[in-house]
Every structure is written in structure tokens, then in C-alpha cells.
Amino acid sequence: MIDPRGEAVLITDKSTGLLSDRTRDVDRYDVGSDGTTHIAFRGGRRSYTYRPGNVRILRAPRPLPLDARMRIEVAGVCWSRVTAVLIFSDRDGEWWRVFRGDADHYTFPASLIRVVTSAEQERGAAEVLRYFREVVDGRPEDDPLRDPYRRLDFVHPESVLGTYLRATPVVERDPDTSLIFPFRCNLSQRTAVELGLRRSISVIEGPPGTGKTETILNLVANIVSARLGSVGVISYTNAAVENVGEKLDDLGFGHIVASLGNKEKTESFFAAQARRNAQVESTLRATGSAPPQPDRLIELDRRLRDLQCTERVRAERRGELDAYRLELRHFARHLEQDQVPDLEHLPLLRRSSGRILDYIVETGLEDDGSRPGLLRRIRRFFRYGALGNLDPQDTAVVLRLQRAYYDKRIAELQAEIDSAEETLRTADFDRLADEHQDLSGRALRTALDARYYGRTPETYTAQSYRRAPTFARFLDDYPVVLSTCHSLRRNLAGGYLLDYLVIDEASQVDLLTSVLALSSCRNVIVVGDLCQLPPISDNVRGSHHPPSPVYDCHGHSILSSMIALYGDRLPRTLLREHYRSDPRIIGFCNKAFYGGDLIPYTTRGTANPMTVVRTVEGNHMRQHRGGGRTNRRELDVIREEVIPRQCDGVDAADIGITTPYRRQADAVADALIADVQSDTVHKFQGRQKPVVIMTTVLDETWRGRTGLAFVDDPQKINVAVSRAVDRFILVTNNAMMPTSRHLRDLIGYIAYGNPGEEVVDSAVVSMFDLLYREYNDRLRPLAARLRNEMAYRSEDIIWTALRDILAEKQYAHLDVVNQVLLRNLLPDLERLTDRQVAFVRRRASVDFVVYNRVTNRPQVAVEVDGFAFHENNPAQLARDDLKDEIADVYGLRLLRLKTTGSLEEQRIRQALDATDL
């Protein structure tokens with residue numbers, strides 16, 4: 001009897017032509033003088049004679065020391081329960097025999113096997129994983145995470161989990177492949193796909209309506225087409241991953257998908273294999289179109305990328321045009337209060353918008369009112385044309401020039417849009433995009449034909465598919481695995497690493513669940529949106545504290561944790577192009593939560609896509625003994641007024657009603673017709689409706705304000721608004737939540753979008769945001785050239801301090817501009833004395849205005865008082881007094897900062913906080 005620990009009998013495998021270990025089947029063998037080997041198998045029942053070279057006898061193995069930190073990896077799969085390893089050598093190399101138990105063993109060439117050590121052995125990684133385990137151990141015994149964490153006894157050093165626990169750098173890959181896009185794409189999605197394939201960890205931030213599903217599908221298509229390995233797509237729930245599977249199926253690629261998950265879904269998948277196998281055979285028999293010419297696809301891709309740049313410019317200019325037209329409506333109403341000169345004869349009015357603004361900026365710097373010198377007058381003649389006796393210090397003149405700026409800028413934007421549209425039309429952009437998509441789909445089909453050609457479809461079972469080496473064949477048949485975060489590890493063979501993993505809706509995936517998924521992949525693409533709702537936390541921290549805040553499982557989703565861990569080193573792509581909502585609707589989310597980075601590709605629908613409906617005065621909110629809140633008055637308003645009047649002609653199934661409170665959602669569902677869907681904001685995440693109505697529930701009683709933090713949550717507000725496609729209607733209490741932050745911004749934004757129908761009362765005019773932002777962009781570099789910088793250092797110091805403060809998260813909704821015309825802040829001059837009016841009409845301005853960039857409402861004006869120019873100058877002191885008086889009349893908060901004072905930053909913060917109650 002051959003001792004399996006003493007010898008290895010390697011015989012050529014007839015099916016593969018490779019040497020395989022047959023030691024366990026050998027009873028005895030004899031080697032003849034001619035080199036032939038006679039072997040008797042299984043008690044002598046079978047015997048064969050092999051020619052020289054077809055049998056190799058290896059002896060005198062050396063043992064490999066093992067410990068609990070080590071795993072034996074065979075053909076990319078880490079084996080557990082390995083009891084011993086013997087290494088045999090001959091002139092051609094080494095063979096490793098791996099034992100599971102005393103007799104169960106397998107022998108492999110050294111090229112297929114290696115020893116790996118758990119990443120958990122490093123101190124930092126061990127501390128983090130210990131913290132996660134302690135948190136899970138503190139949960140109830142039936143918690144679904146407890147068992148997987150007990151079995152997480154090894155972390156592959158090449159897994160994403162190993163990288164994450166050790167905070168090691170993101171690895172760059174360089175897959176040698178040309179990208180294809182069988183699903184429509186844009187510039188942001190291209191970048192996201194490229195980074196996903198070329199980095200071991202990357203993040204795709206997908207705000208609502210930006211095509212994150214198409215991005216995931218194109219990622220999957222490239223991984224499968226280029227044979228980059230297996231790819232898993234997971235999410236917290238089945239809905240998101242099922243969407244991916246359905247869209248692949250719709251395009252004829254459903255046969256590459258293994259839709260797994262819980263026991264029921266897994267059994268359903270295996271039960272449907274016969275139909276899938278028939279589909280594969282039918283696809284291979286079909287006489288499909290010829291594969292695309294690679295050069296044609298590459299050239300088409302290059303042309304399409306250039307045209308997509310033009311398409312983005314068109315979308316950006318359309319957004320700017322809408323914004324300028326809206327701001328002009330406000331400015332025109334403001335201008336009705338003043339008599340402004342005609343100036344039609346002025347050559348300057350026929351120059352570009354930039355040249356008009358340059359003149360306003362330049363003359364604004366001449367605040368002493370003195371006449372410019374000869375050389376400057378000559379230069380101005382060539383730059384601006386003949387100016388005659390134009391008085392640039394006359395406020396009426398400045399107002400007329402500002403109006404001319406709007407007219408010119410709107411005309412320029414329209415010209416840019418027309419030019420972009422002509423370029424796209426001439427190039428037949430839509431046809432090229434369709435052709436590019438079609439060729440990409442054909443390239444994917446060609447790759448799949450090559451994968452499945454000549455292969456007999458195999459039927460797997462739920463009990464056997466995870467066994468080695470069956471699982472490798474399974475993944476070659478089904479390179480795309482769909483699952484949930486909780487189920488992924490048990491859907492894979494033990495110790496197996498997927499080549500790529502996509503975590504969809506990652507902002508809702510908690511850290512503890514994500515850790516298990518990260519242990520099963522070599523590369524990960526995390527797809528989510530920090531501005532959407534996070535996972536619902538149990539809020540039970542216990543006594544466990546994370547080794548670092550970035551690993552806090554109570555404060556982070558996997559998305560936020562990755563961003564916190566890697567910061568600027570993390571490859572991140574924001575999907576900027578938005579395709580769902582009316583531009584005004586997504587415009588609020590863009591301003592309030594996305595820093596203005598989104599680009600709506602939609603065009604305007606209804607005239608007023610956003611509306612605020614106020615209930616009558618009274619305290620209508622009720623807090624229930626069993627928990628939760630309702631507001632019957634808001635419900636009645638929705639049923640009796642909003643739906644009949646503002647949703648006339650809209651199908652009930654196209655209306656969604658959302659609220660922060662479960663009880664209110666249930667009350668709405670009970671009171672309204674059945675086809676109108678009602679649910680909490682949490683449950684509405686991921687859905688969309690043509691019309692969305694939000695009921696806030698709260699009122700202005702002290703009890704109502706106790707729920708303000710829960711309702712006035714930025715992520716809830718963002719989700720609620722972004723569900724609406726065509727119309728968003730906010731139903732709220734009569735006082736309109738003045739002590740809120742984000743709801744107040746939403747109400748102010750809606751009011752600004754409907755000039756003449758304001759629901760917010762104010763004695764101060766909304767800021768002309770676009771005008772003054774462009775003004776500032778030109779003012780500061782010009783001031784640096786014309787001024788003696790030392791003389792105005794105090795203003796520069798305050799400007800820098802303001803910008804630094806407003807960069808902080810709590811002030812992210814605020815912006816600042818400088819040298820704002822006082823007349824642009826006042827609705828009229830009727831409340832002023834003659835002396836005050838005269839002061840305003842001589843181009844009086846304030847140094848800085850901090851304003852809410854969501855609502856365009858001024859928050860606080862800031863004046864910088866230098867000692868020499870103010871305290872030591874009686875005339876200037878008198879002007880300062882006038883300015884203070886005017887600000888007081890109109891309720892404009894004016895903060896004066898003296899260059900001889902102290903604690904400027906503290907005073908600025910106090911002023912900002914006082915105006916943001």
C-alpha cells in the first residue's frame with residue numbers, strides 16, 4: 001500500500017494531458033528496466049502500463065509548517081481546514097500535496113498554489129476587526145450577522161477588506177482593453193467606468209436621476225467582455241440588483257447572470273437553468289450580425305466623446321439661461337421703482353456683457369468720485385467707446401448698465417446654445433450615439449459567443465455549485481452574480497474572491513454588513529450618494545469604541561467610511577448629468593446639497609413646477625401616546641384643495657405623497673383614493689412620481705418644534721424633493737417653519753422661483769446672485785492691479801476670513817460677494833429721508849454681503865472700517881452713519897469690523913448664527 005504521506009504517484013490525465021495525483025488509488029507499482037511503469041489500482045481490480053515520462057514517482061517530501069494565520073490558496077481559492085502540506089520536488093519543479101484530514105489530499109504543481117497570511121495579523125487591522133466583532137457579539141443571538149462574523153476567521157491580504165482594515169493605498173490597475181458602452185453613457189459615466197476598472201477601490205456618487213444603473217451595467221459589460229473575471233452586484237435590498245438583472249435580460253444578456261441571494265431566490269435561480277441553457281444554445285445557433293470592426297468602434301467612440309462635451313455645454317448653458325432669465329425677472333421688478341436713463345445711444349451697450357461689467361467694476365473702484373486722468377480716459381475710449389458725460393457714480397446709471405448686462409448675457413447664452421445645437425445636428429449626434437451603443441452591444445455579444453462556443457451547458461445544483469473546482473466553472477458560465485449584502489458570502493465558495501464587486505445604494509449599506517462583502521472581492525466599486533438617507537441605525541453604541549472614527553459602525557455607511565478613510569486619495573466620480581426632474585425641482589437639490597455640480601439635461605415643463613401650500617392658522621399637529629405624529633389639517637388640505645386644484649388632469653397613480661412620519665403616511669393612505677401612493681420619505685427613496693406632495697406634519701407650537709430636528713433633516717428633504725419629476729408641492733403650517741433650516745431654504749427657493757407670488761415676506765431684496773458672482777470674478781483681479789494692496793489689506797483679510805468660514809459645513813448654504821450696490825438691496829426708497837436717498841443715489845455700496853445661495857436672501861452685510869479712512873475721517877464717519885440708518889430702516893443686519901478691533905472671526909460667526917435661527 002502506498003503511503004500518501006511518503007510518495008506522490010503522478011499520472012498523465014487522458015482528458016487534460018496534465019499530470020494528476022493518483023496516489024490514493026494505487027495499490028502497488030513496478031518500474032521496468034525500460035522505464036515503463038506498471039500500476040495496479042484499487043486492490044488489483046485494474047492495472048495499466050505507462051510509457052516512460054507518463055508517470056512520475058516523487059519521494060522524500062518536506063513538510064510545510066502551518067499555523068492559524070495561514071491559508072493555502074489553490075488556483076485563487078483559499079482552502080480552509082488544511083491539516084498538513086507536503087512539498088515534493090524533482091528536476092522539473094515542486095509539487096504541493098494539501099491534506100484535509102489524515103487521508104483526504106490533493107496534489108498540485110507549485111505554480112497553482114501559494115501560502116497567504118491573514119491581513120488581520122497586522123495590529124491596526126486586528127484592532128478594527130476586533131471592534132466590529134465586539135459590536136456584533138453584543139447583538140441578540142438571532143441577529144443574522146452573528147454567524148457570518150464567527151466564521152470570518154481569515155482575511156485575504158489581497159481582498160478589499162484587507163486593504164480597508166489596514167488603510168493601505170488604493171492600487172492602480174491597467175487592464176489592456178478598449179471600453180464599450182452597450183448602455184447609453186455620458187462624460188461622467190465614462191470616467192466612472194474607467195476608474196472602476198483601473199482602481200482597486202473607487203466611488204461613484206450617483207445623485208437622483210443621474211444614471212447610476214446604466215453606469216453599473218456598462219461596468220459589468222466591460223468586465224465580462226474583456227474577460228477580467230467575475231463581478232458581483234449587491235445592495236441592501238433585492239430591488240436594486242434585480243433592476244440590473246432585468247436590464248441585462250432586456251438587452252439579451254440575461255444568461256450571464258446568476259441571480260442568487262436568500263435560499264428562496266437561489267433555489268428559484270437553479271430551477272430555471274433549463275430555460276437559461278436553452279437560451280444560450282439558441283443564441284449560439286442564431287445567425288447574428290457580424291462583430292464590429294474595432295477601428296470603427298474606436299473612431300466612433302472618439303467622435304462621440306467630443307460631441308458629448310458639446311452636449312454638456314448645451315445643457316450647462318440652458319441652465320444658466322434659465323437662471324439669468326429668472327434673475328432678470330426679479331431685477332426688472334426691482335427696476336420699476338427707479339427712473340433710469342435710456343442710454344441707447346451709448347456704444348457700451350452694444351459691447352459684450354463682459355465689457356459692460358468691466359466698466360461697472362472699474363468705475364466702482366473710483367469711490368472718491370474724482371475724474372480719471374487723461375491716459376485712463378483714452379484707454380477707456382478704446383475699450384468702451386465714447387462715454388460722453390456719463391456719470392458712473394450715479395446709481396441710476398449703474399442700474400441701467402446692470403440691466404444691459406442681463407440682456408447681453410442672455411443673448412450670448414442663447415447664441416452658445418444655438419451653436420451647440422447646430423454642431424450636434426450637423427454631426428447627427430443621436431444617430432452616432434445609437435450606432436455606438438449598437439456596436440458596443442455587438443462587441444459584447446461577440447465576446448460572449450466566444451466564451452460559450454463549443455461548450456455543453458452544464459446544470460448546477462444549489463447543493464453542489466460551490467464545491468471546488470465546480471465553482472470556477474460556475475463563474476465562467478455565470479460571470480455576473482447578483483445578491484444582497486447579507487447573502488453574498490454564503491453564495492460564494494468558501495475562500496473565493498470575486499474579481500470585482502459593485503455595492504449599489506451604498507449610502508444605505510451599514511458598515512458591519514459591508515465588511516463581510518469586502519472580504520469576498522479583490523476590487524470594489526462603491527455606488528451611492530451621501531446626500532441620500534443613510535442606513536437606519538439601532539443607536540445602541542454600548543461600550544465599544546472604534547480604533548478610529550472612520551470605522552465607527554454607528555456613524556458611517558460603507559460609502560461615508562471609505563470617503564473618510566481615504567479622503568482626496570480615493571478615486572471618486574460624481575455623476576453630474578441629471579435626466580429625471582424638471583430643472584427647477586432638481587435645481588433646489590443642486591443648490592442646497594450638491595454644491596451646484598449637477599447639470600440638468602431636462603428642459604422646463606410647467607411654468608411653476610414647485611408650490612408651497614399653507615394651512616390656516618392654528619395648532620394642528622398631534623403627538624400620539626403610542627408614538628408618532630399626525631396633522632389632520634394638512635391631510636384635509638391635500639385631499640380637498642391640493643389634489644383637486646393643483647393636480648387636475650393628473651392620474652392618481654402618478655401622485656405620490658410623502659412625509660417623515662409613519663402615522664401621517666398611514667393616515668393619508670386611509671383618507672385618500674387607493675391609487676394615490678403614500679409612504680414615508682425613507683420608503684420613497686429609490687422611487688419617483690410625476691407629482692410629489694410632501695406634508696411636514698409639524699407646527700410652531702413648542703411641542704411641534706421638538707420634532708424639528710427629525711423633520712428638518714437635509715437628507716430627508718433631498719430625498720422628498722428629488723422624487724418629483726414634474727411637480728413638487730409642499731404642504732406646511734401657516735408660519736412656514738421659520739425656525740427650520742432646510743425647510744425654510746426650500747420655501748425660500750420656491751418663493752424665488754415664482755416672482756410676484758412670494759410666500760416669504762422680507763423688507764430686503766433677494767440678492768442678484770449671477771450678476772454679483774460675475775462681478776466679483778472681475779472685481780478682485782482688477783482691484784489687485786489698480787489699487788495699492790497695502791492700503792486695502794484690511795478688506796482682503798476680512799474677505800479671506802469670510803471665505804474660510806463659509807467653507808465650513810454648517811455654512812455651506814451661504815456665499816459672499818463684495819461691493820454690493822446698496823440700491824440693489826432695497827425694495828424702494830420710500831422709507832428714507834431726502835439726505836438718505838441722495839446718499840443711496842450716489843453709488844453707495846456695502847463692502848460685503850453674505851447671502852443664502854439657495855434662496856438668494858441676504859443674511860448679513862459686513863463693513864470694514866479702516867482707522868485712517870473711517871475713524872480719522874469725519875466725512876466718512878457721516879457716510880457710515882447714513883448707511884447704518886438705512887440698514888436699520890430696512891432691517892438689514894450690518895456688521896462693522898474695525899481694523900483696530902479684535903475677535904473678527906468670532907463676531908462674524910455670531911452674526912451668521914444670529915441670522916440663521
Side-chain angles (χ1 to χ4, degrees), residues 585 588 608-648 650 652 654-684 687 689-713 716-724 727-751 754 757 759-760:
I585 294 174
F588 166 74
N608 296 318
M610 304 185 80
T611 306
V612 177
V613 177
R614 306 161 66 177
T615 61
V616 297
E617 290 188 55
N619 302 327
H620 308 298
M621 189 273 294
R622 294 292 179 267
Q623 186 166 359
H624 297 271
R625 188 182 301 275
R629 305 181 189 221
T630 58
N631 189 315
R632 185 74 191 185
R633 178 65 66 177
E634 289 185 3
L635 190 155
D636 292 341
V637 166
I638 292 171
R639 184 183 56 209
E640 305 297 336
E641 299 178 26
V642 173
I643 290 180
R645 299 177 189 175
Q646 305 206 30
C647 302
D648 186 33
V650 180
D654 290 335
I655 302 172
I657 302 174
T658 189
T659 175
Y661 290 101
R662 175 79 266 162
R663 273 188 177 268
Q664 181 78 346
D666 292 341
V668 171
D670 292 340
L672 296 174
I673 53 179
D675 288 339
V676 176
Q677 285 191 350
S678 172
D679 219 327
T680 63
V681 178
H682 275 91
K683 293 294 185 179
F684 251 100
R687 302 190 219 171
K689 286 286 184 180
V691 178
V692 170
I693 303 167
M694 181 180 181
T695 160
T696 61
V697 178
L698 301 184
D699 57 28
E700 285 302 313
T701 62
W702 72 268
R703 189 177 295 277
R705 288 195 293 273
T706 61
L708 190 59
F710 177 73
V711 174
D712 195 40
D713 175 78
K716 287 191 183 78
I717 304 301
N718 183 35
V719 170
V721 175
S722 61
R723 302 307 95 199
R727 291 207 66 188
F728 175 81
I729 302 167
L730 179 68
V731 179
T732 189
N733 74 312
N734 186 269
M736 295 181 300
M737 317 298 291
T739 57
S740 64
R741 198 347 257 295
H742 302 286
L743 279 169
R744 187 181 62 190
D745 284 355
L746 174 58
I747 293 167
Y749 175 88
I750 294 173
N754 300 307
E757 302 176 20
V759 294
V760 179

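Start at 1 with the first residue, then count along the sequence. Below, each value reflects all heavy atoms present in this structure, side chains not excepted, and no hydrogens, waters or symmetry copies. Computed from a prediction, not measured in an experiment: that's the story for all the values here.
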Calculate, to the nearest 0.5 Å, the distance between atoms CE and CZ belonging to M737 and R614 respectively.
-> 13.0 Å
Mind running side chain to side chain contact (heavy atoms under 4.5 Å, CB included) on R663 and T659 for me, showing each step along the way?
-> CA-CA 9 Å; R663 273 188 177 268; T659 175; over 6 Å; no
How about L698 and N733: do any of their side-chain heavy atoms sit closer than 4.5 Å?
-> no
What residues form a side-chain contact (heavy atoms from CB on, under 4.5 Å) with R632, not counting sequence neighbours?
-> L635, D636, R639
Considering only heavy atoms from C-beta outward, does the side chain of I747 approach that of S740 to under 4.5 Å?
-> no
For F710, does its backbone N or O pair with a side-chain atom of K716 as donor and acceptor, under 3.5 Å?
-> yes
Hey, does T739 have a side-chain heavy atom less than 4.5 Å from the side chain of L708?
-> yes
For T658, what residues pass the side-chain hydrogen bond (donor to acceptor under 3.5 Å, both in side chains) criterion, not counting sequence neighbours?
-> none
Derivation of the side chain to side chain contact (heavy atoms under 4.5 Å, CB included) call for I638 and I657 = CA-CA 9 Å; I638 292 171; I657 302 174; 3.8 Å; yes
Only counting residues at least two apart or in another chain, list the ones meeting ring pair (Phe, Tyr, Trp, His ring centres under 6.0 Å) with F684.
-> none
Could you state the interatomic distance from NZ (K689) to CD1 (I655), rounded to the nearest 0.5 Å?
-> 9.0 Å
Is any side-chain heavy atom of E641 less than 4.5 Å from a side-chain heavy atom of V731?
-> no
Could I get the full list of side-chain contact (heavy atoms from CB on, under 4.5 Å) partners for A724, not counting sequence neighbours?
-> I585, V692, F728
Would you find a donor on one side and an acceptor on the other, under 3.5 Å apart, between the side chain of R723 and the backbone of R687?
-> yes
Does the side chain to side chain contact (heavy atoms under 4.5 Å, CB included) test come out yes or no for T696 and L743, once each step is laid out?
-> CA-CA 9 Å; T696 61; L743 279 169; 4.0 Å; yes
Side chains of D712 and R744 in contact at under 4.5 Å (non-hydrogen atoms) = no
Side chain to side chain contact (heavy atoms under 4.5 Å, CB included) assessment of Q646 paired with V613 | CA-CA 10 Å; Q646 305 206 30; V613 177; 3.4 Å; yes
When rounded to the nearest 0.5 Å, the distance separating CE of M621 from OH of Y661 is 7.0 Å
For the residue pair T695 and E634, confirm or rule out a side-chain donor-acceptor distance under 3.5 Å.
-> yes
Can you list the residues that meet the side-chain contact (heavy atoms from CB on, under 4.5 Å) rule with E617, with sequence neighbours excluded?
-> N734
Pairs in or reaching into residues 620-630: which pass salt bridge (Lys or Arg N to Asp or Glu O under 4.0 Å), with residues at least two apart or in two chains?
-> none
Would you check if M694 and I717 make a side-chain contact, meaning some heavy-atom pair closer than 4.5 Å?
-> yes
Residues passing the side-chain contact (heavy atoms from CB on, under 4.5 Å) test with R662, sequence neighbours excluded, are A665, D666, D679, T680, K683
With S678, which residues qualify under side-chain hydrogen bond (donor to acceptor under 3.5 Å, both in side chains), at least two apart?
-> none
Side chains of Y749 and V612: does their closest heavy-atom pair fall under 4.5 Å?
-> no
With sequence neighbours excluded, residues passing side-chain hydrogen bond (donor to acceptor under 3.5 Å, both in side chains) with N631 = none
Under the side-chain hydrogen bond (donor to acceptor under 3.5 Å, both in side chains) test, which residues partner D699, sequence neighbours left out?
-> T701
Heavy-atom side-chain contact between I643 and I693 under 4.5 Å = yes
